[in-house]
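Order of the sequence lines sets the chain letters (A, B, ...), proteins ahead of strands, with each chain counted from 1.
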Number of protein chains: 2
Amino acid sequence: MADADLSPPDGPVRTITDLARLAGVSAGTVSRALAGNSLVNARTRERIQQLARAHGFQLNQMASNLRRQRTGVVGVAIPLGHDRRQQISDAFFMTLLGHLADELTEHGHDLMLRRVIPDRDEDWLARFTGSGMVDGLIVIGQSDQFARIEAAAAHYLPMVVWGNHQEGQRHCVVGTDNRLGGRLAAERLLAAGATKLAFFGDTAPIEFAARFAGASDVAAQAGVPIIACPTPLAVDRMPGEIARHLARHASRIDGIFAATDTLAVACLKQLHERGLAVPERMRLVGFDDLPVAGQTTPPLTSIRQDIAAGARGLVDLLLRRLAGENTESLVLPPELVVRATA
Amino acid sequence: MADADLSPPDGPVRTITDLARLAGVSAGTVSRALAGNSLVNARTRERIQQLARAHGFQLNQMASNLRRQRTGVVGVAIPLGHDRRQQISDAFFMTLLGHLADELTEHGHDLMLRRVIPDRDEDWLARFTGSGMVDGLIVIGQSDQFARIEAAAAHYLPMVVWGNHQEGQRHCVVGTDNRLGGRLAAERLLAAGATKLAFFGDTAPIEFAARFAGASDVAAQAGVPIIACPTPLAVDRMPGEIARHLARHASRIDGIFAATDTLAVACLKQLHERGLAVPERMRLVGFDDLPVAGQTTPPLTSIRQDIAAGARGLVDLLLRRLAGENTESLVLPPELVVRATA
DNA sequence: GCGCAAATTTCAAACGTTTGCATTTTTCGG
DNA sequence: CCGAAAAATGCAAACGTTTGAAATTTGCGC
């Protein structure tokens, strides 16, 4: 029986049964051997693993998954609200996605990415969670789906969402304290000498709304005005909209809080074109502290979100939920990074 | 039998068998009904679908996949060479990934993302293709895995790779004509008045090597010198390295071809800090034409890759390969986008 | 050698679908 | 109404693995 591997070279060994025949044992033993189960004799185990390597055997994951009722795959859903085209190419989301991939891989999970357009697809959440294809779900951004997510959270435990934390919400969320971030931004603008503020960004997503609210808190407290300038994040419409805002309001403001670094960079460009000196004539603070923030001229002052920590948090909480724990939300502290624009 | 749905509310209906019991038919019929198979009577079909909706029934994909021997999932592998941390956060790759997600979703496929570190994981390709988890594979970037990919292509057909096309290669690739792109860049630099060129970028990845080669062609033909300045793409080391290159070579060059817009943006910043006027004293051309290119000051002249077209090509070719066709590679034309830096 | 426990291995039943084939029901021309 | 063809449904065998329980082998003290 030691020379089983000297048998004539037969067809490709695809299934565990093929391998069993080759090794002269039963399928069950092979399965256990490959899993490193100590129930099977160390020598047989080694011999089988050897054989598997030699024949380039790959376990069929589908079958394994079906039987074990788990897949080792975590779903990552990116709901796209109205601003369809924007979000997925947004540097922030992409960086988060990259870190998520790292973090999940590290823990032996695969990542199944799905972009969903909630308007077109009523039950995108149920479809994903109920498919049996994923063990758990990470949702990147609440978009305008807060209610739906909240509803799903009642039945489906292994789900963690990146976004903003609301008082008393049911679903587990990881995200930056956007309101605090907004305060930090406004405080910095004031400290840099601004006396009349503007907020650039769409206030529909609750993250952005919270940032604006934080800035408004500070402005109210200091008795300075702050005006909201709704600006789309879609890359093609952004510059025009900013130009329009500046044309209307530039004379009435001397400090801008941009909801996003991407927005801030676009602002910087428009300000430059209008000949408004930054930071002398106009202070500017962004949000996210993307790599690009350090590379603009002048370098951008921004509110840093620790994306890597966010990804770690998402994965950590999800794994704990997969283990049955009912985790609390995680709110990360934002951090002011002072460069040259404010 | 019409009032089957008036039966007492029992446990959740998870399996097709539950649904069958509820509908008073066999599992087979339910399966066919849900698939819209015309073998089953239109009325029963409708009734079953109704029932499924009412109970929020979700087909178990794992079981379905196992039985049908296909998953509807396309794997996307991102091999990370030496420059680990860089690539996945690189705006170009991320944008491509976003478009891929779009395009695959459009065709009813899901996307399974996997970052692989070839050094640590010898047979990352076999593991992915042999797992039975994916119907086909898209590899983003050849990195330093050309040989391994080439080997896999011999056995595994449904695979398409983003990258550079080599004469006589076996695996199907989609990518920009990097050499031509390099030529366009160099030609533009010369047209803008440059007389001594430099190439900034790592020439190890074959895409970049081809860009450099294209530029060198033009330089040689025009009789102007071009020097290669190896620059890492890792965001933390990039600025320092650029500064070092400029300190050494700035006096000897008046035109820079950056392998990437990300690199070009960093160059722009360093040039500004050294007080070298762009484009008067130093012409600069980037590559990719990322959104950021239009937002720098001055706006960046760049070589445009049509990322969306690339994604469409990758998916289209993969689908055709899944259908059994043996497709040729697709080489996309780059396009010069003239802005203000050259 | 015997008996008993421990160590291995085999057996067979799942996991939830899909699908070829057999079987039942319906339809319809005569 | 009969019989045959057509339409609809049921049956049961896969898909390839895992795993509890049963069966077999091995080890060991006496």
Side-chain angles (χ1 to χ4, degrees), chain A residues 1 4 11-49 51-52 55-73 129-135, chain B residues 1-2 4 11-49 51-52 55-73 127 129-135:
Chain A
M1 66 180 72
V13 22
R14 313 197 57 71
T15 84
I16 232 176
T17 319
D18 296 343
L19 203 53
R21 195 178 315 118
L22 231 58
V25 297
S26 79
T29 302
V30 172
S31 173
R32 280 189 258 257
L34 293 178
N37 189 321
S38 67
L39 260 186
V40 12
N41 184 299
R43 262 202 310 283
T44 3
R45 207 190 320 161
E46 185 51 45
R47 187 164 56 88
I48 291 175
Q49 288 175 353
L51 221 47
H55 289 261
F57 172 79
Q58 299 288 338
L59 194 59
N60 182 314
Q61 288 296 335
M62 278 300 161
S64 176
N65 294 341
L66 174 59
R67 169 62 221 230
R68 303 174 53 196
Q69 296 289 82
R70 56 173 303 265
T71 67
V73 178
T129 59
S131 70
M133 289 279 280
V134 297
D135 292 341
Chain B
M1 66 181 73
V13 23
R14 315 196 57 70
T15 84
I16 231 175
T17 318
D18 296 343
L19 203 53
R21 195 177 317 120
L22 231 57
V25 298
S26 79
T29 302
V30 172
S31 173
R32 281 188 260 255
L34 293 178
N37 190 320
S38 66
L39 258 186
V40 12
N41 183 299
R43 261 202 310 282
T44 9
R45 204 188 324 158
E46 185 50 47
R47 187 163 57 86
I48 291 174
Q49 289 175 352
L51 221 47
H55 289 261
F57 172 79
Q58 299 289 336
L59 195 60
N60 183 316
Q61 288 296 335
M62 279 299 157
S64 175
N65 295 340
L66 174 59
R67 171 60 222 234
R68 303 174 52 195
Q69 296 291 80
R70 58 173 300 265
T71 68
V73 178
R127 285 245 313 269
T129 58
S131 69
M133 289 280 279
V134 297
D135 292 341

Check your understanding: For A/S64, which contact category applies under a 4.0 Å heavy-atom criterion: base, sugar-phosphate, or nothing?
Key -> sugar-phosphate

Check your understanding: Side-chain donor or acceptor of B/R67 under 3.5 Å from a matching atom on the base of C/dT17?
Key -> no

Review point. Are the side chains of B/L34 and B/V30 in touch, meaning some heavy atoms are under 4.5 Å apart?
Key: yes

Study note, to complete from the structure: For A/I48 and A/A33 the tightest heavy-atom approach is CD1-CB, 3.7 Å

Exercise for review: Figure out the CD1/P separation between A/I16 and D/dA14, and round it to whole Å.
Suggested key: 19 Å

Review point. Between atom CZ in A/R70 and atom C1' in D/dT17, what is the gap in whole Å?
Key: 14 Å

Exercise for review: Flag yes if more than 12 heavy atoms outside B/R70 fall under 6.0 Å of its CZ atom; otherwise flag no.
Suggested key: yes

Review point. Under 4.5 Å between any side-chain heavy atoms of B/R47 and B/V25, yes or no?
Key: yes

**Study point:** Integer-rounded Å distance: D/dG16 P and B/M62 CE
**Key:** 15 Å

Check your understanding: Given side chains that start at C-beta, do those of A/H55 and A/L22 come closer than 4.5 Å, heavy atoms only?
Key -> yes

Revision key, fill the gap. Among the nucleotides C/dT17, D/dT18, D/dA8, whichever has the atom closest to the side chain of B/N41 is D/dA8

Any N/O pairs under 3.5 Å between the protein and nucleotides 20-24 of chain C? List them or say none.
{"residue": "C/dG20", "atom": "O6", "partner": "B/R32", "partner atom": "NH2", "Å": "3.1"}

Review point. Closer to the 5' end of DNA chain C via nearest nucleotide, is it B/V30 or A/S26?
Key: A/S26

Review point. Which whole-number value in Å describes the distance from B/R68 CZ to C/dG16 P?
Key: 18 Å

Point to revise | Nearest-angstrom distance from the residue atom CZ of A/R43 to C1' of D/dT25 | key: 14 Å

Practice item. Measure the spacing between CG of B/N60 and CG of A/L66 and express it to the nearest 0.5 Å. Key: 6.5 Å

Review point. Can you check the B/Q69 CD to D/dT17 C1' distance for me, whole Å?
Key: 12 Å

Practice item. Just compare D/dG10, C/dT9, C/dT17 and give me whichever is closest to any side-chain atom of B/T15. Key: C/dT17

Review point. Quick one: which of D/dT17, D/dT9, C/dT18 gets closest to the side chain of B/S31?
Key: C/dT18

Study note, to complete from the structure: Which of C/dC15, D/dT17, C/dT17 is nearest the side chain of A/L66? It is C/dC15

Exercise for review: Taking A/T71 for its side chain and A/M133 for its backbone only, find out whether a donor-acceptor pair lies under 3.5 Å.
Suggested key: yes

